[in-house]
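The structure under discussion is supplied below as structure tokens; questions concerning it will follow.
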There are 2 protein chains.
Amino acid sequence: MAHEHYKAIARNSLLIRSLPEQHIETLLSHANFRHYERGENVFLQDEEATAIHVVIDGWVKLFRVAPNGAEAVVSVFTRGGSFGEAVALRGTNYPVSAEAVTAAEVMHIPSSLLISLMKEDPQIGLSILASTFMHLHSLVEQLEQLKAQTGAQRVAEFLLTLCQCDCGPSEVILPYDKVLIAGRLGMKPESLSRAFARLKTAGVKIKKNHAAIEDVRRLREYTEDDPADAWSKA
Amino acid sequence: MAHEHYKAIARNSLLIRSLPEQHIETLLSHANFRHYERGENVFLQDEEATAIHVVIDGWVKLFRVAPNGAEAVVSVFTRGGSFGEAVALRGTNYPVSAEAVTAAEVMHIPSSLLISLMKEDPQIGLSILASTFMHLHSLVEQLEQLKAQTGAQRVAEFLLTLCQCDCGPSEVILPYDKVLIAGRLGMKPESLSRAFARLKTAGVKIKKNHAAIEDVRRLREYTEDDPADAWSKA
DNA sequence: CGCAAACCTTGACCATAGTCATGGATTCGT
DNA sequence: ACGAATCCATGACTATGGTCAAGGTTTGCG
């Protein structure tokens with residue numbers, strides 16, 4: 001197979017690592033890999049699920065289109081991220097659509113294989129449950145952010161997830177374009193621009209797709225403030 | 001046991017009905033029941049999970065408190081609703097807090113029992129996964145609504161979930177107080193009042209906790225409109 | 001019954017973010 | 001290297017929803 005390198009990446013994903021050791025090779029050897037162009041759909045909302053998806057390279061977004069045409073981005077995955085676990089195991093329909101937002105390489109694990117393996121090892125079900133729960137958790141956090149924070153605070157939160165260090169200055173690269181960042185954070189691109197502008201007062205400078213954070217701790221405090229207080233600091 | 005009536009209700013819950021027949025009695029006989037006063041906590045965020053919870057009577061909300069003090073309501077359950085499934089099975093900590101918003105009766109299924117039963121029957125894991133996935137799905141819908149709809153449209157959507165018929169006139173009862181409805185829909189009570197006022201133009205009249213819907217179909221159209229269009233119809 | 005507390009509505013005002021339009025910058029294909 | 005297209009920033013304006021304050025209504029308790 002020409003995919004040994006891809007498999008190595010897959011083995012490093014949280015989903016695969018949580019699976020029982022003895023089944024990993026079986027699963028990987030039956031997985032298939034596919035390249036997606038930017039803008040190409042991986043699957044559509046309401047389609048029947050036939051596989052679990054693991055991103056090998058590039059970026060993939062999950063989103064819903066509301067009846068009025070507005071698009072709500074639910075999550076964005078890159079190398080090592082997996083999605084569709086619960087749906088694949090249960091054989092129901094996708095509640096969201098998936099689209100490659102850059103050229104992307106995605107591994108697909110056929111759900112038929114997964115289901116048959118699960119019958120001999122219930123631990124697989126637990127791995128799926130763990131992944132599903134992580135997604136659940138991330139949605140709960142998104143809800144909290146949407147309901148309790150201003151746009152600028154959500155942007156700050158987003159920047160913090162991008163930098164690993166937890167204090168001092170830091171420089172991060174915006175991983176995908178601003179239209180998508182805006183969607184992920186529940187705002188319009190124009191509002192994102194203004195949020196960036198506002199974050200200057202919290203020690204953040206944006207140039208192209210680089211963000212320079214003066215002091216990570218200060219930015220974290222900014223996200224935890226009451227919106228009114230955050231304003232008064234400006 | 002004095003709880004036969006409660007168990008009958010539990011048997012009717014989606015979670016219990018999805019469990020394998022032969023384990024239901026075991027699970028129910030080891031479950032325990034507890035009464036909660038209004039405002040009492042069922043559990044707190046970051047506590048370790050020891051049970052799955054099934055609401056027998058009354059209403060229970062799941063919520064998170066943001067660092068800035070704002071509260072985000074994640075979901076609200078009543079008779080037959082269950083929560084904490086995934087967390088119980090995995091033995092991790094709750095990502096949310098749970099509080100009775102009316103006097104409530106809640107059944108608790110110890111996770112230790114669940115875990116040991118699951119070892120002999122992996123189908124139990126699938127039932128848990130199914131419930132977890134339903135919660136996931138409902139969060140995705142909430143995200144979509146928050147990102148793509150105005151307050152008034154979310155209120156309309158909420159009213160529609162309360163009435164079973166799908167066309168013609170309908171009368172529904174608001175199941176809990178407006179502060180909580182507002183929280184559930186991501187707005188302040190004042191905004192909820194105004195949203196109700198605005199829905200008058202869509203054929204909805206609110207009196208106390210009764211909502212009279214002139215035409216369900218018309219209200220559904222209202223939720224599907226672009227906010228600007230919805231406005232122009234007023 | 002009567003008072004107090006909780007709940008709800010309304011008004012005035014303002015902050016936040018969406019819309020529309022414009023112009024600058026960057027990227028890409030030829 | 002040129003031009004087209006895309007992406008991004010900004011300004012002006014508007015709509016939505018949050019905040020603060022006041023007042024009405026309902027509920028529950030003594």
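Numbers restart at 1 for each chain; the letters A, B, ... are given by sequence-line order, proteins then strands.
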### Task
Report the distance from atom NZ of K147(B) to atom C1' of dG18(C), rounded to the nearest whole Å.
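From K147(B) NZ to dG18(C) C1': 16 Å.
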### Message
So, OP1 or OP2 of dT27(D): does either fall under 4.0 Å of a side-chain N or O from K208(B)?
### Response
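For dT27(D), OP1/OP2 do have a side-chain N/O of K208(B) under 4.0 Å.
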#### Entry: Separation between CZ of R184(A) and CG of L192(A), rounded to the nearest 0.5 Å
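Taking CZ in R184(A) and CG in L192(A), the distance rounds to 12.0 Å.
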### Watson-Crick and G-U pairing of DNA chain D, under 3.5 Å, as dot-bracket with | and [ ]
||||||||||||||||||||||||||||||
### Query
In terms of the nearest nucleotide of DNA chain C, which residue is placed more toward the 5' end: R38(B) or A197(B)?
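So the residue in question is R38(B).
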#### Entry: Positions of residues 177-191 of chain A (non-hydrogen atom under 4.0 Å from DNA chain C), listed by number
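Residues of residues 177-191 of chain A that come under 4.0 Å of DNA chain C are, in numerical order, G186(A), M187(A), K188(A), E190(A), S191(A).
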### K207(A) NZ - dA9(D) P separation (whole Å)
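From K207(A) NZ to dA9(D) P: 13 Å.
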### Query
In Å and rounded to the nearest 0.5 Å, what is the CZ to CD distance from F133(B) to E85(A)?
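CD of E85(A) is found 10.5 Å from CZ of F133(B).
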### Query
Should E214(B) and R218(B) count as an ion pair when the cut-off is N to O under 4.0 Å?
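Yes, this pair counts.
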### Task
Whole angstrom is fine here: how far is it from CD in Q153(A) over to C1' in dA17(C)?
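Distance, rounded to whole Å: 14 Å.
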### Query
Distance from L185(B) atom CG to F158(B) atom CZ, nearest 0.5 Å?
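One finds 6.0 Å between CG of L185(B) and CZ of F158(B).
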### Query
Separation of L192(A) atom CG from dA9(D) atom P, in whole Å?
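Roughly 7 Å, once rounded to whole Å.
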### Message
Nearest whole Å is fine: how far is dC8(D) P from Y176(A) OH?
### Response
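About 13 Å, once rounded to whole Å.
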### Query
Quick one: do E40(A) and R34(A) make a salt bridge, cutoff under 4.0 Å?
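Here E40(A) pairs with R34(A) in a salt bridge, since their nearest N and O are under 4.0 Å apart.
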### Query
Does V74(B) offer a backbone N or O that forms a donor-acceptor pair with the side chain of Q142(B) under 3.5 Å?
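Here the side-chain-to-backbone pair exists.
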### Query
So, are R154(B) and E144(B) salt-bridged, with charged N and O less than 4.0 Å apart?
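Between E144(B) and R154(B) there is no salt bridge, as every charged N stays at least 4.0 Å from the carboxylate O atoms.
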### Distance (rounded to the nearest 0.5 Å) between I206(B) CD1 and F196(B) CZ
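Atom-to-atom, I206(B):CD1 and F196(B):CZ are 4.0 Å apart.
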#### Entry: Between C1' of dT27(C) and CG of N209(A), the distance in whole Å
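From N209(A) CG to dT27(C) C1': 13 Å.
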### Task
Check the distance between dT16(D)'s P and L146(B)'s CG and give it to me in whole angstrom.
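Going from L146(B) (CG) to dT16(D) (P), I get 16 Å.
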### Task
List the atom of A148(A), the atom of A70(B), and the distance in Å for their closest heavy-atom pair.
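Reported closest heavy-atom pair: CB-CB, 3.7 Å.
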### Query
In Å, rounded to the nearest 0.5 Å, how long is the span from CD of E141(A) to CD of Q145(A)?
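The CD atom of E141(A) sits 6.5 Å away from the CD atom of Q145(A).
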Would you tabulate the pairs of protein nitrogen or oxygen atoms and nucleotide nitrogen or oxygen atoms of nucleotides 12-14 of chain C closer than 3.5 angstrom?
unit_1	atom_1	unit_2	atom_2	d
dA12(C)	N6	R194(B)	NH2	3.1

### Query
Any chance CZ of R38(A) has more than 12 other-residue heavy atoms, nucleotides or ligands included, within less than 6.0 Å?
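No, the 6.0 Å shell around CZ holds no more than 12 heavy atoms from other groups.
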### Task
Send over the distance from I206(A) CD1 to dA25(C) C1', rounded to a whole Å.
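Taking CD1 of I206(A) and C1' of dA25(C), I get 17 Å after rounding.
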